[in-house]
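This report concerns only the one structure given below.
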Amino acid sequence: MSRVGRVERTTKETSVVVELDLDGTGKVDVSTGVGFFDHMLDQLGRHGLFDLTVKTDGDLHIDSHHTIEDTALALGAAFKQALGDKVGIYRFGNCTVPLDESLAQVTVDLSGRPYLVHSEPENMAPMIGAYDTTMTRHILESFVAQAQIALHVHVPYGRNAHHIVECQFKALARALRYASERDPRAAGILPSTKGAL
């Protein structure tokens, strides 16, 4: 059974199309107009082994906020759609990823309940190219709200802003991959004692 999500989101500020295949090979084709954000989406697809296509046209003449936010919302919705009924998945996943001096720890529960806990070093450089570093938390908030997952992201230390943000996306990719993969020992079983996720 194919586990693919496709979401189109159009507002006065942005036009977004996201296609996501959970059982892909890491093929990525993304274009948001925000170079560093594209780089992070590339990490998500490649390290999650998700086939990911993202095409966003946004009001970048104002700034990158709406473009990034609406892309993250559509991505979360596509992830939820691709998960389907969640029967037979592992449900939980975690990964710790270093990137030189930075370290990210990510744990996810595909619970059906949106909740984010996020911490990263303070006093980071405010910008990475056109990417506002305060947007990382907002990306995760937006993704979690639409994907309906519980997500804990902790960066206990790091110095370089690029590394601090990138290791979060790499660890998120792996944690989502592990949680969404099918468990051969639980085929046909919903991983919940409630009978619903």
Side-chain angles (χ1 to χ4, degrees), residues 3 5 18 20-26 28 37 39-52 72-73 75-122 124 133 135-187 189-197:
R3 298 194 301 161
V18 173
L20 174 71
D21 183 348
L22 294 179
D23 302 311
T25 59
V28 177
F37 186 45
H39 181 46
M40 294 305 97
L41 293 172
D42 190 39
Q43 304 305 313
L44 192 65
R46 290 183 191 276
H47 293 286
L49 288 182
F50 307 135
D51 288 347
L52 176 62
L73 289 166
L75 182 62
F79 185 82
K80 181 183 179 198
Q81 187 183 110
L83 276 176
D85 61 13
K86 303 180 190 174
V87 169
I89 64 169
Y90 281 102
R91 177 179 168 179
F92 305 100
N94 66 76
C95 188
T96 299
V97 169
L99 182 51
D100 296 346
E101 84 298 341
S102 300
L103 185 79
Q105 302 163 327
V106 173
T107 304
V108 64
D109 176 8
L110 307 183
S111 60
R113 297 182 309 277
Y115 201 93
L116 174 67
V117 177
H118 179 260
S119 65
E120 63 186 4
E122 296 180 6
M124 271 197 297
T133 56
M135 286 300 293
T136 303
R137 181 193 303 264
H138 193 47
I139 290 166
L140 298 175
E141 289 169 339
S142 300
F143 179 79
V144 162
Q146 293 298 311
Q148 304 238 307
I149 64 174
L151 177 63
H152 291 240
V153 178
H154 179 50
V155 182
Y157 47 82
R159 184 179 64 255
N160 179 276
H162 187 131
H163 294 168
I164 290 168
V165 177
E166 185 171 336
C167 65
Q168 292 179 64
F169 277 87
K170 286 179 172 175
L172 174 62
R174 286 295 175 117
L176 289 173
R177 172 181 163 189
Y178 301 150
S180 63
E181 283 183 340
R182 293 187 174 103
D183 182 350
R185 295 181 60 201
I189 299 171
L190 186 71
S192 172
T193 55
K194 293 185 203 176
L197 278 178

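Just so it is clear, the values below take in all heavy atoms, side chains as well, and ignore hydrogens, waters and symmetry mates.
Atom CG of residue Leu176 and atom CZ of residue Phe169 lie 11.0 Å apart, to the nearest 0.5 angstrom. Going from atom CG of Leu44 over to atom NE2 of His39 covers 12.5 Å, rounded to the nearest 0.5 Å. Rounding to the nearest 0.5 Å places CD of Gln43 at 10.5 Å from SG of Cys167. Atom CG in Leu49 sits 10.0 Å away from atom OG in Ser180 (nearest 0.5 Å). Distance CE/Met124 to OG1/Thr133: 4.5 Å, rounded to 0.5 Å. Separating the CD atom in Gln81 from the CG atom in Leu22 is a distance of 10.5 Å, to the nearest 0.5 Å.
Here the shortest heavy-atom pairing between Thr96 and Leu103 reads CG2-CD1, 3.6 Å. The shortest non-hydrogen separation linking Met40 to Val165 is SD-CG1, 4.0 Å. Here the closest heavy-atom approach between residue Ile164 and residue Ser102 is recorded as CG1-OG, 3.5 Å. The two atoms that bring Ile89 and Arg3 nearest to each other are CG2-NH1, 3.7 Å, heavy atoms only. Residues Ile139 and Ala72 approach most closely at O-CB, 3.7 Å, considering heavy atoms. For Tyr178 against Asn94, the heavy-atom pair with the smallest separation is CD1-O, 3.5 Å.
Sequence neighbours left out, the pairs with a member in residues 75-113 that pass ring pair (Phe, Tyr, Trp, His ring centres under 6.0 Å) are Phe79-Phe143.
Residues Asp100 and Arg159 are not paired through a salt bridge, judged by the lack of any N-O separation under 4.0 Å between the basic side chain and the carboxylate. A salt bridge links Asp109 with Arg91: the closest approach of a Lys/Arg side-chain nitrogen to an acidic carboxylate oxygen falls below 4.0 angstrom. A salt bridge is absent between Arg137 and Glu141; no separation between the charged side-chain nitrogens and carboxylate oxygens falls under 4.0 Å.
Between Leu140 and Leu172, some side-chain heavy-atom pair lies under the 4.5 Å cut-off. Contact of the Gln168 side chain with the Val106 side chain is not registered, since no non-hydrogen atoms from C-beta on lie closer than 4.5 Å. A 4.5 Å side-chain heavy-atom check between Asp23 and Arg182 finds at least one atom pair inside the cut-off.
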Q. Under the side-chain contact (heavy atoms from CB on, under 4.5 Å) criterion, do Thr25 and Asp51 qualify, and how do the steps go?
A. CA-CA 6 Å; Thr25 59; Asp51 288 347; 3.5 Å; yes
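Counting non-hydrogen atoms of other residues, nucleotides and ligands closer than 6.0 Å to NZ of Lys86 gives a total above 12.
Without hydrogens or angle criteria, Arg174 side chain to His47 main chain gives a donor-acceptor distance under 3.5 Å. Side chain of Glu166 to backbone of Leu99: no donor-acceptor contact under 3.5 angstrom is found.
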Can I get a per-line list of side-chain donor-acceptor pairs under 3.5 Å for residues 146-157, giving both atom names and the distance, sequence neighbours left out?
| unit_1 | atom_1 | unit_2 | atom_2 | d |
| --- | --- | --- | --- | --- |
| His154 | ND1 | Ser119 | OG | 2.5 |

